[in-house]
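None of the values given here were measured: they were computed from a predicted structure. Worth knowing before you read on, the calculation uses all heavy atoms, side chains too, and leaves out hydrogens, waters and symmetry mates. All residue numbers refer to positions in the sequence shown, counting from 1.
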Amino acid sequence: MSPLTATVVRLKLSLLRNGLRQSGGRRAVYVASAVLVVAFAALQLIGLIALRGHEHAASLVLPLVAVLGLGWAVMPLFFPGGDETLDPTRLVMLPLRPRPLVRALLAASLVGIGPLFTVLLLAGSVVSVAHGALAYAVGAVGVVLGLLVCVALARAVAAANMRLLTSRRGRDLAVLSGLVVAVGAQVVNFGVQRLGTSGLGQLDPVADVLRWVPPAAAVGAADSASDGSYGAAVLQLLLCAGALAGLVGAWAASLDRLMTAPDGSTLPAAEPGAGRRRSGGLARLLPTGRTGAVMERGLRYVWRDPKTKAAWVTALAIGLIVPLFNAVQGTGSVYFACFAAGMLGIQMYNQFGQDTSAFWTVAMTISSPRDAYVELRGRALALLVITLPYVTLVTVVTTGLLGDWARLPEVLGLSFALLGALLATGAWTSARFPYSIPQEGHKNVAPGQVGLAWAGIVGGMVAAALLCSPVIAVSIWWNVTGVGNAWSWLLLPCGAGYGALLTWLGLRLAAPRTAARLPEILTAVSKG
């Protein structure tokens, strides 16, 4: 081991050790995470070993390893701050060349829970498909190559996007994790159900392709050697070695660029007036006066503020995924489309907490219940700009997939009524139960305010359900008795009108409380 490699490995260990010394809570979280990951990896290893001898074992383990490699590729984009050694720009001032630095960082990357999990999964995959001493020898080489490909892939992706990931706008990429988790969970659920009914043979065509794609090719080499296809096994190992060499080369090129090219801080400032030109288009589409200003501010929060954007991306994704996937699987109902209205309606809750300490600039402009009403109305209208077309789209798509067009007006009416009830209760709970949203880290509630958050959200949702009960009762009565089937279309205008009335009443009732509790609200939302 070269002196540079030994130094960087010791640096990685020192960073890990010093990080755990900061607090007992951090040590407890790290130890608990390590135990859970190792336990899960051990269970995976046992399950893969038990799969040994199954006719379609390779059809399962090859996609599994491919998904593992995909995880290594995307995780640096979602959690760029999870590993201090991911940022090579911290070494820019040192007299280091890219190639030796790549070798040192690659060795340091093998220290951690992630590589241990990867080794156990790769080893279990090899055991499940390997038969014979030669196949095990090929599999041992494949495990090493597979691990190095995964680690090099993560580092190459991180280095190529480091300038973006370390910028304010680049860190917003982390909000996509909610979307990926939501979509991935439903895809896995759908896939497991299909496999449960059709068997692992469904994966044979996918496995035939993935066995030639690194890092899955590393396990595919062991499977090929077991079948006596030694030429194919050698070719698959060479593919992994070539992928490793290509990733290391791309990583080195990115390091060279990071250490020699100027970053954004040394480039000329943006052209004067560019920001004003960009904002003009949005402002022209909104009402004039305070209402339009509040709407524009709210929409810009959705686009620019990381925490607000994360909440909206997750709500939009889950609001579509739940009804859509249930409809595709044939187990859904058109009424699942109301889930979209529920997910987006709760974005009205804790409106002032989204402003954090900047709420004082808003509070200075509120001197009467009328000012508070206009402020709340602008925030509700900004939410409706996104929510109304989205809820309509989800309902139409779900209804079309199920072919139940006769219920489209009814479901839309229920969705609009639910949305109005959530806007009404959200405006009131924003004034009654405000709480701060920390801007750093992954917490959505400041310490000591969890009770306020639960009281506002759960209490508001229960109240919204009660407010919607008249429309729900009419819908149930018509469906049970069959008397109103010919008139069910009336639920669309009635539900929309009822939702609009609830929204107006909620804003009217919340405005005096908001104006009277401005100091308490400002104190609560500024805690984080």
Flag the pair [X] / [Y] as yes when at least one side-chain heavy-atom distance between them is below 4.5 Å, and no otherwise.
X	Y	result
F117	F40	yes
R297	V294	yes
L235	W212	yes

What closest approach, in Å, do [X] and [Y] show between heavy atoms, and which atom pair accounts for it?
X	Y	result
A225	A135	CB-CA, 3.9 Å
S430	M348	OG-O, 3.2 Å
V65	S125	CG2-OG, 3.7 Å
A216	L62	O-CD2, 3.3 Å
C150	G69	SG-CA, 4.1 Å
V61	S128	CG1-OG, 3.3 Å

Checklist entry - Under 4.0 Å between a Lys/Arg side-chain N and an Asp/Glu carboxylate O for R432 and E520? => result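 No, no charged N to carboxylate O under 4.0 Å.
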Next on the checklist: I'd like to know if the side chain of R52 and the backbone of A130 have a donor-acceptor N/O pair within less than 3.5 Å.
Outcome noted: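 Confirmed, R52 side chain pairs with A130 backbone.
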Checklist entry - Do the side chain of K309 and the main chain of W303 share a donor and acceptor less than 3.5 angstrom apart? => result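 The answer is yes, because a donor-acceptor pair under 3.5 Å joins these two groups.
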Item to check | I318 vs F339, side chain to side chain contact (heavy atoms under 4.5 Å, CB included): CA-CA, chis, key distance, verdict | outcome: CA-CA 8 Å; I318 297 179; F339 200 80; 3.5 Å; yes
Checklist entry - Step by step, would you call I346 with I457 a side chain to side chain contact (heavy atoms under 4.5 Å, CB included)? => result CA-CA 8 Å; I346 61 176; I457 296 174; 5.6 Å; no
Next on the checklist: Looking at W360, I want to see if its CH2 is surrounded by more than 12 non-hydrogen atoms of other residues, nucleotides or ligands under 6.0 Å.
Outcome noted: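 No.
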Checklist entry - When the ring planes of F352 and F359 are compared, do they come out parallel, tilted or perpendicular, using 30° and 60° as the limits? => result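 Ring orientation, 0 to 90° scale: tilted.
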Checklist entry - Can you tell me how far the CG atom of L247 sits from the CG atom of L148, to the nearest 0.5 Å? => result 10.5 Å
Checklist outcome for this item: Rounded to the nearest 0.5 Å, the CG atom of L320 sits from the CG atom of L344 at a distance of 10.5 Å
Checklist outcome for this item: Which of I521, N350, V525 passes side chain to side chain contact (heavy atoms under 4.5 Å, CB included) with Y435? Answer is N350
Next on the checklist: Is there a side chain to side chain donor-acceptor pair (under 3.5 Å) between T118 and W72? Walk through the geometry before answering.
Outcome noted: CA-CA 10 Å; T118 303; W72 274 94; 2.9 Å; yes
